[in-house]
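Comments concern the structure below.
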Amino acid sequence: MMPITTESEYSTLLLLSQGGPVLMVEGDDDILIFKHIITPNVKLIASSGGKSRVLNVAKMAEDQGLDRAHFLVDSDYDSYKPKSINYPSNVTSSEHHDCFIDLIADDLAPLRETIHSKLLRAKKRPNGSCTTNTDAAAKQVLADAIRIASALAAVRIVSVHFSLKLKIQTYNIFQLAPETITAHHAYKHLCPNNTVPPEIERQHFQMIEDTLDDFTSSSFPRVGDHDLLKAVIKILNSRPVHIQANEEELRCATLSQISPAKFRKVRWLQELLRWCEGLGFDLYTERSAITYQQLTTKTT
C-alpha cells in the first residue's frame, strides 16, 4: 500500500472541492463535533497525519489558491512555544486548547450531566449507594478531573516552553490514585533529577507554579480534552462502585447535549460560517427530527 502523503491528501481534497467546500480537521474526534451539524454540501475529512499534516496541506492549498478548502486545528500549547507559530491564512484554530474544550469552557453543564447520568445509573445497581447525592458527586468528580487535567497541562506547558519533549504517555500517571496526581509528581517522574541541573529544575517548577496560578484567575484552565476526559474516567473508576467509562462515550454524550445556540457562539464556527457563506454555501444545519414513521418506512 502506498503511504499517504501531504500531496496525496491534497489531491483528495482538490477532487472533493469540485463539488463544494471541504473542511479538513485533525482526526476522528473532530469529526464527531461536526457529525450532526454540518450540511451535506460541505465535505468533512480528517487528516491521516494529525495537526502537522493538516498544516502542510493547508499551506499547499494556500499556495495553489484553493479557496474551497479550509482547515481547523487545535491550538494545543502553541502560544507557549519559544518561537511564535504562524498558521496559513486558510487555517482556523481553537480558542482554548482544543475545539472540544471551546464548546464546554463557559458552560460545563453538558459534561457534568454526562457524569451525573453515569453516577445515577451506578446508584441504581443492587450494590449501589442509596445515600449518594449524585448532583453533588457529579460536581465533585468534575472539579477533581479539572484539577488533575490542570496539573498535567502545567507540565505540558513547561515541556513545550523549554523544548523538553516530555512524553507523558510513556508514564501512565492515570495509574495513580487521583488524589496523588499533581504537577510536581508528573514532572518528577517524567524529568528525573539526574538529567536536569538544579537551577534549571527550579525554573521549571517556578513556571509550573506560575501556570497553575494563572489557571485560577482565568475563565477556564488551558486543559486538553484527552487529559480532562481521562481524568473523569479515572475518578469514576476509583469510586467505591468502580464506574466504567471510555473517552468516546463521554465525548459523544457531552457533544449531544450542546445546544445549537452554543455551537453558533464558538469563534471557529463563526469563522467557518463566514467562509462557507462567502462561497455561497451553508455550513450549519440544525439537528433534524426523525419520526417513528421514518424509522419504520422501508427504503428501496
Side-chain angles (χ1 to χ4, degrees), residues 23-37 44 46-47 49-55 71-80 91-118 138 141-157 159-160 166-169 172-174 178 181 183 186 211-212 215 218-237 245-259 262-263 265-269 272:
L23 175 62
M24 177 176 277
V25 295
E26 291 185 34
D28 293 336
D29 290 341
D30 301 300
I31 295 287
L32 290 174
I33 289 175
F34 288 92
K35 186 175 180 181
H36 299 293
I37 67 170
L44 179 65
S47 172
K51 181 176 179 177
S52 60
R53 176 68 60 74
V54 172
L55 293 176
F71 305 83
L72 179 65
V73 298
D74 293 334
S75 295
D76 299 317
Y77 297 112
D78 286 353
S79 62
Y80 294 91
V91 172
T92 296
S93 62
S94 64
E95 187 173 354
H96 294 83
H97 175 277
D98 55 77
C99 293
F100 178 82
I101 296 297
D102 278 355
L103 288 166
I104 65 169
D106 64 353
D107 182 7
L108 290 164
L111 180 54
R112 189 189 66 224
E113 287 304 313
T114 297
I115 296 169
H116 181 261
S117 68
K118 297 289 292 183
V141 168
L142 186 51
D144 290 342
I146 292 174
R147 178 192 64 77
I148 291 172
S150 296
L152 296 179
V155 176
R156 290 186 188 276
I157 286 169
S159 178
V160 166
L166 300 181
K167 295 185 182 298
I168 291 182
Q169 290 80 0
N172 186 3
I173 200 164
F174 290 104
I181 301 176
T211 300
L212 291 173
F215 285 172
S218 64
S219 59
F220 194 74
R222 203 169 182 84
V223 301
D225 56 342
H226 294 292
D227 285 346
L228 179 58
L229 294 178
K230 285 178 181 177
V232 169
I233 291 166
K234 175 62 180 179
I235 295 165
L236 287 174
N237 195 35
N246 62 66
E247 264 196 73
E248 186 173 356
E249 174 192 7
L250 295 180
R251 189 182 300 273
C252 289
T254 301
L255 288 171
S256 69
Q257 296 177 72
I258 297 174
S259 68
K262 173 56 187 172
F263 270 102
K265 289 180 180 178
V266 179
R267 178 179 55 77
W268 45 258
L269 185 62
L272 294 175

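- In this structure the side chain of V160 never reaches within 4.5 angstrom of the side chain of D76, judged on heavy atoms.
- Counting only heavy atoms from C-beta outward, the side chains of H36 and L255 never approach each other to under 4.5 Å.
- With respect to the salt-bridge test (charged N to carboxylate O, under 4.0 angstrom), the residues K265 and D107 do not qualify.
- C99 and D74 make their closest contact through N-OD1, 3.1 Å (heavy atoms, listed as atom of the first residue, atom of the second, distance).
- For the pair S47 (side chain) and R53 (backbone), a donor-acceptor distance under 3.5 Å is absent.
- The structure places CD1 of I157 at 8.5 Å from CG of L212, a figure rounded to the nearest 0.5 Å.
- Summarising the local packing, CD of E249 is surrounded by more than 12 heavy atoms from other residues, nucleotides or ligands at distances under 6.0 Å.
- Judged purely by atom type and a 3.5 angstrom limit, E113 has no side-chain atom pairing as donor or acceptor with the backbone of Q257.
- No donor-acceptor pair under 3.5 Å is formed between the side chain of R251 and the backbone N or O of N246.
- F215 meets the ring pair (Phe, Tyr, Trp, His ring centres under 6.0 Å) test with no other residue; sequence neighbours excluded.
- Residues that satisfy the ring pair (Phe, Tyr, Trp, His ring centres under 6.0 Å) test with Y77, not counting sequence neighbours, are H97.
- Separating the OG atom in S117 from the CZ atom in R112 is a distance of 12.0 Å, to the nearest 0.5 Å.
- Under the 4.5 Å side-chain criterion, counting only non-hydrogen atoms from C-beta, L272 is in contact with F34.
- Closest non-hydrogen pair, L166 versus S159, comes out as N-OG, 2.9 Å.
- With a 4.5 Å cut-off on side-chain heavy atoms, F71 and L55 do not count as touching.
- Among D106, I101, D102, the one residue that satisfies the side-chain contact (heavy atoms from CB on, under 4.5 Å) test with F220 is I101.
- Residues T114 and V232 have side chains not in contact (no heavy-atom distance under 4.5 Å, counting atoms from C-beta outward).
- Contact of the V54 side chain with the V25 side chain is not registered, since no non-hydrogen atoms from C-beta on lie closer than 4.5 Å.
- Residue pairs meeting the side-chain hydrogen bond (donor to acceptor under 3.5 Å, both in side chains) criterion with at least one member in residues 143-156, sequence neighbours excluded: Q140-D144, R156-D227.
- Side chain of K51 to backbone of V73: no donor-acceptor contact under 3.5 angstrom is found.
- Annotation: N172, atom CG; neighbour count of heavy atoms from other residues, nucleotides and ligands within 6.0 Å is above 12.
- A 4.5 Å side-chain heavy-atom check between F100 and D29 finds every atom pair outside the cut-off.
- Proximity of D30 to L72: side-chain heavy atoms (C-beta onward) are nowhere separated by under 4.5 Å.
- A138 and I115 get closest at one heavy-atom pair: CA-CG2, 4.0 Å.
- Residue S75 comes nearest to E95 through the heavy atom pair OG-N, 4.4 Å, listed as atom of the first residue, atom of the second, then distance.
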